[in-house]
Structure formats: structure tokens, C-alpha cells
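The structure appears below as C-alpha cells.
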Amino acid sequence: MNMRLGTLFRTVFRRELTMMTRYAVNTVSSLVSIYILFVLIFLGMQRLSSTMAGEFLNDTLEGTIIGFFVWTFTIFAYSDLSWSLTGEAQAGTLEQLYLSPFGFRRVCACTVISTFLLNLIPHTVFLVAMMATTGHWLRLDVVSLLPLMAITVMGAYGFGFALGGLALVYKRIQALFQIVQFIFLACLVVPTRIPWVRFLPLSMGNSLIYDVMVQEKRLWELPPMSVLTALGVGAVYLAIGLIVFSRCECVAKQRGLLGHY
Amino acid sequence: MEETALEVEAMSKTYRERGRQEVRAVDNVSFKVKQQEVVGLLGPNGAGKTTIIKCILGLMQPDAGEIRVFGQDVTKHYPRVLENMSAVLEGSRNLYWRLTAWENVLFFAGLSGISSRDTHDYFNYLIELFSLEDKKNVEVRKLSQGMKQKASIVCALARRTPLVFLDEPTLGLDVETSLELRQILKQLAQQEHRTIVVSSHNMDVIQDICQRVIILSGGRIMVDDHVDHLIKLFETRAYRIALDGHPSSELEEALAARFSSINMAAQKYGVEIKINLSDRDDIYLLMDMLRSHGAIIDEISHEDIDLERVFLEVVRRERDEYASGHSI
Ligand SMILES: Nc1ncnc2c1ncn2[C@@H]1O[C@H](COP(=O)(O)OP(=O)(O)O)[C@@H](O)[C@H]1O
Ligand SMILES: [Mg+2]
């Protein structure tokens, strides 16, 4: 079974890779439009800086670059998941995934891990583009960043599972898909100095990524409590998302909604 | 020892949705399918075919009933039991349109843990059997309806499961493609030793491919019999009688009162009677009635009968019984 689990992962990864190349235009164009937004904000900040202290601009700029990077990465992760659940239900491929003897859960886990890994490529290019535009080079400590990105994105996957599941049962929920992007944005801009903000999705992870990229700390130099909080919060949001999803899955199996009807 | 591939026992499924009327889609259905048997589920739209198939596959939760696949209880052994079943579902895509036919085959086989290179020969054999060689590396969205359907079937077969469900495989195809696909499926059923359950609302499809047919109507099983046997049974009871001259109105009334399935049509020479006799001895009664009213019989023959007639007859009888049962 373990060896065959490898087969399952390779199979799913290959599908995601192929789909990514087929849909490359979509990925590139949405990243380019976010990049343009970033450039506009950057220009605005430069304008402002002529009237303010340079130090202030530097701090804000670094925060903005990281915020944009984490934001795009998490909304891609989230929307990939929620849209693929509902989109595949409507197209009719979801039922075929449910027919895998490995079980849908394993198939889903492989999908999530594959998209996480594959999304790193265009998003790193995007990050480098932002740094090149601003001339601000931040440290890319992959060993410290990868685990923190994974921890941060867990919350986003929680939302993806919850809304994707709800949309299987209540089709109209799809209208809410976009709103979540703004919730994420809000979670990324509120400062984590405020105690309860630590329990928002993404916030803590984002702040730790900032510490690694700007303060040049390594993962093990970060305060352990903060890392554990980020991990715990991510895990809780993911767990809630999975619980909501499996409830919805149950209802969908009752009413025959896994396929289009 | 056990040679039963599929066993469905007392399965029922009612769709309940707020604000909508309940639909009893499957009503206490039981049947068995032997290994290597090719069985048809025949019934009009809404008869419950798709619901039955999805409940067996665990894509839907039945309200009641037990389902065993190769002796294993489906609920208890889920999802491992899916190593034994694959399906092409009705009306949905079943495939990724942005992947090529070949990429789809590799994906769905891999989803079942099948990946080794030795299986490529088999995949190629399937692709050839369904004449998709030229389209193997074309994105599915660019294929015709018929080829998409063929590619879906290839993907299901590529999983090499001993039990395969094909839900309305010829739905939405033009006559020619439908005929071609039926030919291929027939060949497949002969070459491969798989158990196949085909559903259709089209009798020709079932008659072409299946040895046995289960006729469904309103979520219930009307008939479960061998196709040949069923046709023969009805053949012996379906008569066409030509009368010389027109029968008296008394005779017409008497016949209509006695035989509900009678159909009389005026012809040049007189009248043609078509009748299905539910009781073997009824033919003598019919002859008696004709003779006592002085009708002259020109010709009596068995009528050619296909599943379509069988089906209509079964549904008609069911309705009659239902009506009489309720008038008491
Ligand atoms: N998901 C569903 N929700 C509500 N009613 C359904 C659903 N699926 C099927 N039905 C109803 O159940 C009955 C049987 O449908 P179905 O199993 O699709 O029959 P068939 O495949 O023989 O056409 C029909 O009356 C249909 O309208
Ligand atoms: Mg159907």
C-alpha cells in the first residue's frame, strides 16, 4: 500500500503539473495583475516618502512585499482548492476521484501538497520581481521559509475545504468565494502586537515570515511559543475546515450532490 | 467458491429536499450479478438506474439495503472495495477536458495505484479497440462527443477492475456512433472476462450487449430474466390475426372487454388484430370467441417481438395491476 501511495502522489502531481502548464496563461495573468497593483502602491509610497522619513518607507515596503507574497500565495492555495472541489463536482470528475480505492481524503491530500509545491515556482518568480522592482533584496532562507509557509497556508486550506464543501451542498455559497480574499488581506495587515490577532488565520505565520526575511532570523532562532502558536492556529483552522467539509460530504452523499444534478 | 460478483439486497433510496416533494427513486430493489455476466438495467428516464449505480459505488448513501461486491460489504470495506469496481457515469464528463486522452488514462489508472510500464500495452490495446489511436495525444475537449465517451470508457477499463458499470453509454450519441460503440462493447464483453452492468433507456443497446436484463420502472424491478428467454416468452404469446371482413360490433366489444391488450386496426382486406396473451390457454378462448361470432380467420402468426415491446408490455401490465389493486 505504501509503495502504491507513492504511485498515487506521482499521478496527482503529474496532473497538477500538466494542468499548470495548460493553464499557465491564467496563472501568469493573475500574477501580473497583482504585480501591477503592487507597482502602483510602490509608486504611491515613493511619492509619500519624499515628505516622510526614509526609515518609515523601508519598513513599510518590506512589510508590503512580504504581505503581497503571502497574500497571493494563500489566496492561490485557497481558491485552487475551493474551485477545484466545486468545479470538479460540476464537471463530473469529482465522482471519479471518489472512486479511488485510496479514498478521496488521500487523493485530496496529494492534490493539496502538489499544488503547494508547484505554486512555489511562479510565486517565487513574483517575489523576485517585486524585490527587483523596489531594489529591496530580502533574504530567501528556504529552510526556514518552507515550513513557515506550510504552517501559514494551513489556515487558507481550512477555508478552502469549508467553503468548497458548503458550495457542494449550497451552490449559492460560491458568491462568497471572493470575499475570503479580503478576509485574508485583513488578517495580514493587522499588527500581531494585539493579542487576539494571533488567533486569526495567517497573521502569526505572516509575522514570522517577516522575521525570517527582514530580521534575518533562522527558524530555530524564532520564539518557540510564536512558532507553536502559528502551527496550532493553522491546525485548528484546517481541522475546522475538514470537519465542515466532511459534514457537507455526508449531506452531499445523502442528496446525491457529488455529481451535477 | 462464491461466484457472485454483485449482490444488492432490499435497497431503497428516497430523495428528500426541503420545499420539494419526496422522490422514491429506488424502492426495495434486490438482485445478484454472477461473475462475468453482462447485465442490463433497462428503464425509462427517472426509473432509478443512475441512483442504483451510484449507491452501489458509494457515491450516494442508500436509505436501506445491503450491497456486497465479491462477497465484501461495500460500507464496511470502503474505500478498498473500489479496487473491484469502476464506472462511467451518466451525463458527466468523467474526464479532464484539458488533459489528452492518454494523460487521462494514465491519471485514472494511477488513481487506482496502477502505474507500471507493463500496463501500457494493455492501455494501448484499449485505445485501439475503441479506435482512438489518432486522438490519443489530443486534449479531450477537442474530441467529438462520441470520442469523449469512448475515452471515458477506456479510462474506466484501464483501472482493470473485475466489475464495471456503464451508465447510459450511448446517451447523446448519434445513431451511427451509437451503433459503433455497441459493437465495440459487445466485442469487449466477449474478449474480456469482466462483469459488466450497463444501464440504458434504449432497448437496442441492452439487447445488443447483455445476456440478462433487469427492467425497472418507478424505482422497482419489474422483470429480471435472460434477454433470449424474455423475448421467446413473449414471442409465443404475441399473435397477429388477420380477419376476412369486419367483425360485428358485439364481437369487438366482447373482445375488448376480455383482452385489455387487444389492438384492432382496419385493413383493406378486413381487420388486423394484434394481441398479447398473458395466459397460454387464452388463445383457445380467443378462437372460440371469434368462431362463435362467425368471424373468418384469414391468417394467424406469431408476432416478431423485441425488448421494446416486452418493456412496454411489462409496464402496461404493472399499471393495470396497480390500478386494479387500488380499486378494491
Ligand atoms: N440528486 C437528486 N436529487 C433529487 N432527486 C433526484 C436526484 N437524482 C435523481 N433524482 C430523481 O430520482 C428519480 C430517479 O432518477 P435516476 O436514478 O437518475 O433515474 P434514471 O437514471 O433511471 O433516469 C427521478 O425521479 C429523478 O428526478
Ligand atoms: Mg440515469
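Each chain gets a letter, A, B and so on, in the order the sequences are listed, and its residues count up from 1. Owing to the predicted nature of the structure, the values given are computational and were not obtained by experimental measurement.
Looking at B:Asn104, its side chain does come within 3.5 Å of a backbone N or O of B:Tyr96 through a donor-acceptor pair. Side-chain atoms of B:Ser12 come within 3.5 Å of backbone atoms of B:Asn28 as a donor-acceptor pair (strictly under, hydrogens ignored).
Listed options B:Ala87, B:Ser86, B:Pro62 were ranked by heavy-atom pairs under 4.5 angstrom with chain A; first place goes to B:Ala87. Ranked by non-hydrogen atom pairs under 4.5 Å with chain A, the options B:Arg159, B:Lys54, B:Arg93 are led by B:Arg93.
Residue contact with chain A, scored on non-hydrogen atoms closer than 4.5 Å, involves the backbone and the side chain of B:Leu99 alike. Residue A:Leu97 touches chain B through both its backbone and its side chain, counting heavy-atom pairs closer than 4.5 Å. For chain A, the nearby part of B:Arg16 is the backbone; its heavy atoms alone come within less than 4.5 Å. Only the side chain of A:Leu258 comes within contact range of chain B, with heavy atoms under 4.5 Å apart. Neither the backbone nor the side chain of B:Ala156 has a heavy atom closer than 4.5 Å to any heavy atom of chain A.
A salt bridge links B:Glu66 with B:Arg68; the closest basic N to acidic carboxylate O contact falls under 4.0 Å. Between B:Glu168 and B:Lys49 a salt bridge is recorded (basic side-chain N to carboxylate O distance below 4.0 Å).
Smallest separation of non-hydrogen atoms from B:Met11 and B:Val26: O-CG1, 3.4 Å. In terms of heavy-atom proximity, A:Gly67 sits nearest to A:Leu188 at O-CD1, 3.9 Å.
Judged by a 6.0 Å distance limit and a 45° cone about the ring axis, B:Lys148 is positioned over the six-membered ring of B:Trp97. Cation-pi geometry between B:Arg160 and B:Tyr122 is met: the NZ or CZ atom falls under 6.0 Å from the ring centre, inside 45° of the normal.
Proximity to chain B among residues 80-93 of chain A is limited to A:Glu88, A:Ala91, A:Gly92, A:Thr93, judged by heavy-atom separations below 4.5 angstrom. Of all residues in residues 110-132 of chain A, none places a non-hydrogen atom less than 4.5 angstrom from a non-hydrogen atom of chain B.
Ring-centre distance between A:Tyr78 and A:Phe184: below the 6.0 Å cut-off.
In terms of the ring-ring contact (aromatic ring centres under 6.0 Å, His included) criterion, B:Tyr15 has no residue partners (sequence neighbours excluded). Residues that satisfy the salt bridge (Lys or Arg N to Asp or Glu O under 4.0 Å) test with B:Glu103, not counting sequence neighbours, are A:Arg22.
The closest side-chain donor-acceptor pair between B:Thr195 and B:Gln35, if any, does not fall under 3.5 angstrom.
In summary, of the residues considered (A:Val143, A:Val142, A:Leu148), a side chain to side chain contact (heavy atoms under 4.5 Å, CB included) with A:Leu146 occurs for A:Val142 alone.
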